[in-house]
Amino acid sequence: MSQVVIIGAGPGGATLALLLAQRGIAVTLVEASRTFHRAFRGEGLMPSGLDALHQMGLESLLDTIPHRPLTAWEFWINGQSPTGGTAKQPLFRVEEPLEPNGTPCTLVSQSALLTALIDQLSHYPQVEFVQGVAVHDLLKADGRISGVTLADGREIYASLVIATDGRNSVARQRAKLALHHQSNAFDILWLRLADSPHFETENVFYSIVQGQQAFGLFRSSEGNLHVGWALRDRSQDWKQMDWAETLASASPEWLADHFRTVATTIDRPVLLSVVVGRCPQWWVPGLLLLGDAAHPMSPIRAQGINMALRDSIVAANHLVPLLQQGASTEAINRVLPQIQTAREPEIIRAQQLQQQEAAQAELLGNYPLLQWGVSQFAPLIRYPIRFSWVARQRQLRQGVTSVQLQV
């Protein structure tokens with residue numbers, strides 16, 4: 001019998017499987033997708049996520065896969081005004097790293113990272129990696145979860161099932177664990193387009209607001225530009241929009257020129273339905289939810305991947321001693337709420353900070369006069385706004401609680 005079944009080979013599931021395998025624990029890791037390439041995967045490793053990889057001894061993996069630190073963050077409001085004028089400088093700019101002698105936020109190819117983690121797992125004979133087969137249901141025995149049933153009919157029994165299968169978690173649904181949604185979630189359209197020479201000298205993350213239009217732009221670790229467009233009005237026929245012109249109309253002059261020049265390279269947008277919330281209870285006997293399965297994060301400031309990595313460390317700290325000793329299922333059950341208790345304060349605070357950022361963007365979009373005032377008086381208010389933004393980022397970057405690998 002496998003000691004642990006992990007559902008979902010994302011960053012949280014793959015790193016937790018590796019932490020357990022390195023400590024002699026048998027693991028079956030199940031991943032429904034046949035490939036790690038998707039239209040969207042979070043790429044932003046904050047200092048907290050980079051620290052988690054360092055503690056796991058995986059920092060050197062970044063040298064083997066596409067990655068690039070950010071140079072700065074820039075925020076533009078009314079980059080091009082309705083009257084045809086063009087803003088000459090951003091509302092504010094913040095250089096990376098934010099902290100003196102700190103670590104910059106780094107963009108990494110998540111698909112390449114996952115491939116490298118699975119390669120590491122292949123060195124451990126007690127690990128079975130099942131890819132391309134979804135989990136169909138949970139097995140139950142003696143009042144607890146005892147394993148999983150796969151879509152091909154296989155049954156895998158385990159002392160513990162850990163679900164890291166994302167915001168639409170099958171395990172969460174099968175276990176009937178409630179997810180309390182946050183009310184201000186919004187959908188995102190994800191677009192890719194050709195790179196710009198502008199990003200060769202510095203790697204800047206741009207946040208741009210023009211009227212009710214808002215989007216983020218960055219150069220991915222693999223060398224093309226990605227746009228995340230906030231879709232607040234679902235009545236828009238976004239499939240028929242002239243995206244080059246729509247993006248250009250909201251952008252500073254150099255970027256508007258680029259959108260128009262590479263218009264034919266803009267991919268058809270992919271709709272990402274954002275789910276944000278938190279489970280009041282992350283566990284039932286025999287099953288533990290982690291990462292987005294337990295607390296789906298907003299895409300704001302790339303918290304999903306970083307929180308998942310930190311979840312894995314805390315879970316390993318609690319579970320490894322028990323699993324190494326062959327502890328009873330009752331003992332394993334007792335430790336599951338302790339993992340939630342240890343992680344929940346950071347998750348709650350990170351989601352609060354994400355809500356604050358989203359609320360500010362929504363306020364600017366809903367009140368044109370406020371937006372006009374911010375853009376017109378930017379020289380006077382630039383530094384107070386910048387100070388407020390930086391203060392809010394520190395916990396999103398560094399984490400709220402101390403997370404240290406102890407096993």
Side-chain angles (χ1 to χ4, degrees), residues 1-33 35-36 41-43 45-46 48-67 106 108-133 135 148 156 158-166 171 288-294 304-325 332 335 339 342-343 399 403-407:
M1 179 175 73
S2 294
Q3 283 185 272
V4 177
V5 168
I6 299 177
I7 309 171
T15 54
L16 181 55
L18 188 56
L19 289 173
L20 298 181
Q22 289 170 339
R23 289 150 182 82
I25 296 163
V27 179
T28 299
L29 178 62
V30 182
E31 170 56 43
S33 299
T35 174
F36 291 125
R41 277 192 181 276
E43 294 198 352
L45 283 172
M46 294 292 173
S48 62
L50 291 165
D51 174 68
L53 290 177
H54 174 73
Q55 291 188 52
M56 296 178 196
L58 299 173
E59 194 173 32
S60 61
L61 278 187
L62 294 184
D63 295 331
T64 69
I65 62 176
H67 72 285
T106 298
V108 61
S109 167
Q110 190 180 135
S111 59
L113 175 62
L114 294 177
T115 299
L117 289 170
I118 297 304
D119 180 66
Q120 294 273 315
L121 278 169
S122 69
H123 300 154
Y124 296 91
Q126 70 271 34
V127 174
E128 181 183 8
F129 179 46
V130 179
Q131 187 167 23
V133 184
V135 167
V148 298
I156 305 174
S159 304
L160 177 65
V161 175
I162 302 175
T164 60
D165 52 341
L288 173 67
L289 307 181
L290 294 175
D292 276 353
I305 182 173
N306 298 281
M307 293 298 104
L309 293 173
R310 289 163 71 82
D311 282 1
S312 295
I313 287 178
V314 173
N317 286 342
H318 285 79
L319 292 171
V320 164
L322 295 176
L323 294 169
Q324 285 179 331
Q325 297 166 11
I332 294 172
V335 83
I339 296 170
R343 289 299 297 140
V403 172
Q404 299 294 324
L405 185 62
Q406 298 169 349
V407 291

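Starting from 1, each residue takes its place in the sequence as its number.
Rounded to the nearest 0.5 Å, atoms CE (Met46) and CG (Asp51) are 14.5 Å apart. With rounding to the nearest 0.5 angstrom, the CG atom of Leu288 is 10.5 Å from the NE2 atom of His318. The structure places CZ of Arg343 at 5.5 Å from CZ of Arg310, a figure rounded to the nearest 0.5 Å.
The nearest pair of heavy atoms linking Ile305 to Gln110 is CD1-NE2, 4.0 Å. Closest of all the heavy-atom pairs between Gly399 and Ser48 is N-CB, 4.1 Å. For Asp165 against Ala293, the heavy-atom pair with the smallest separation is OD1-CB, 3.8 Å. Pairing each heavy atom of Val314 with each of Ala342, the nearest pair is CG1-CB, 3.8 Å. Across every non-hydrogen atom of Leu121 and Ala14, the tightest pair is CD1-O, 4.1 Å.
Although no hydrogens or angles enter the test, the distance criterion places a donor-acceptor pair under 3.5 Å between the side chain of Gln324 and the main chain of Arg23. Checked by atom type and distance alone, the side chain of Glu31 pairs as donor or acceptor with a backbone atom of Ala9 at under 3.5 Å. A distance-only check finds a donor-acceptor pair linking the side chain of Gln3 to the backbone of Leu323 [under 3.5 Å]. For Thr64 (side chain) and Ser60 (main-chain N/O), no donor-acceptor pair under 3.5 Å exists by modelled atom type. The main-chain N or O of Ser33 is found under 3.5 Å from a side-chain atom of Gln131 such that the two form a donor-acceptor pair. The backbone N or O of Gln406 lies less than 3.5 Å from a partner atom in the side chain of Asn317, making a donor-acceptor pair.
In this structure, the side chain to side chain contact (heavy atoms under 4.5 Å, CB included) partners of Ser109, at least two apart in sequence or on a different chain, are Pro66, Ser111, Ala112, Ser221, Glu222. Taking Asp292 as the reference, Arg167 meet the salt bridge (charged side-chain N to carboxylate O under 4.0 Å, His left out) condition, with sequence neighbours excluded.
Two residues are said to be in side-chain contact when any heavy atoms from C-beta on lie closer than 4.5 Å; Met56 and Leu19 meet this criterion. Put simply, the side chain of Leu45 reaches to within 4.5 Å of the side chain of Leu62, judged on heavy atoms. Between Ile6 and Val30 there is no side-chain heavy-atom pair separated by less than 4.5 Å. Between Leu309 and Leu53, some side-chain heavy-atom pair lies under the 4.5 Å cut-off. Proximity of Pro11 to Leu114: side-chain heavy atoms (C-beta onward) are separated by under 4.5 Å at one or more points. Annotation: side chain of Tyr124 is in contact with side chain of Leu18 (closest heavy-atom distance under 4.5 Å). Counting only heavy atoms from C-beta outward, the side chains of Val27 and Gln126 never approach each other to under 4.5 Å. The shortest side-chain heavy-atom distance between Leu290 and Ile339 falls under the 4.5 Å cut-off.
Within 6.0 Å of NE2 on His67 lie more than 12 heavy atoms contributed by other residues, nucleotides or ligands.
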- Verdict with reasoning, Val108 to Ile65, per side chain to side chain contact (heavy atoms under 4.5 Å, CB included): CA-CA 8 Å; Val108 61; Ile65 62 176; 3.4 Å; yes

- Message: Pair Phe36, Ile118 - check side chain to side chain contact (heavy atoms under 4.5 Å, CB included), show working.
- Response: CA-CA 11 Å; Phe36 291 125; Ile118 297 304; 3.7 Å; yes

- Item | Residue pair Leu16, Ile313: steps toward the side chain to side chain contact (heavy atoms under 4.5 Å, CB included) verdict | CA-CA 7 Å; Leu16 181 55; Ile313 287 178; over 6 Å; no

- Give the C-alpha distance, both sets of side-chain angles, the deciding distance and a yes or no for side chain to side chain contact (heavy atoms under 4.5 Å, CB included) between Thr164 and Ile7. CA-CA 6 Å; Thr164 60; Ile7 309 171; 5.8 Å; no

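Listed by first then second residue, pairs satisfying salt bridge (charged side-chain N to carboxylate O under 4.0 Å, His left out) with a partner in residues 52-67 number zero, not counting sequence neighbours.
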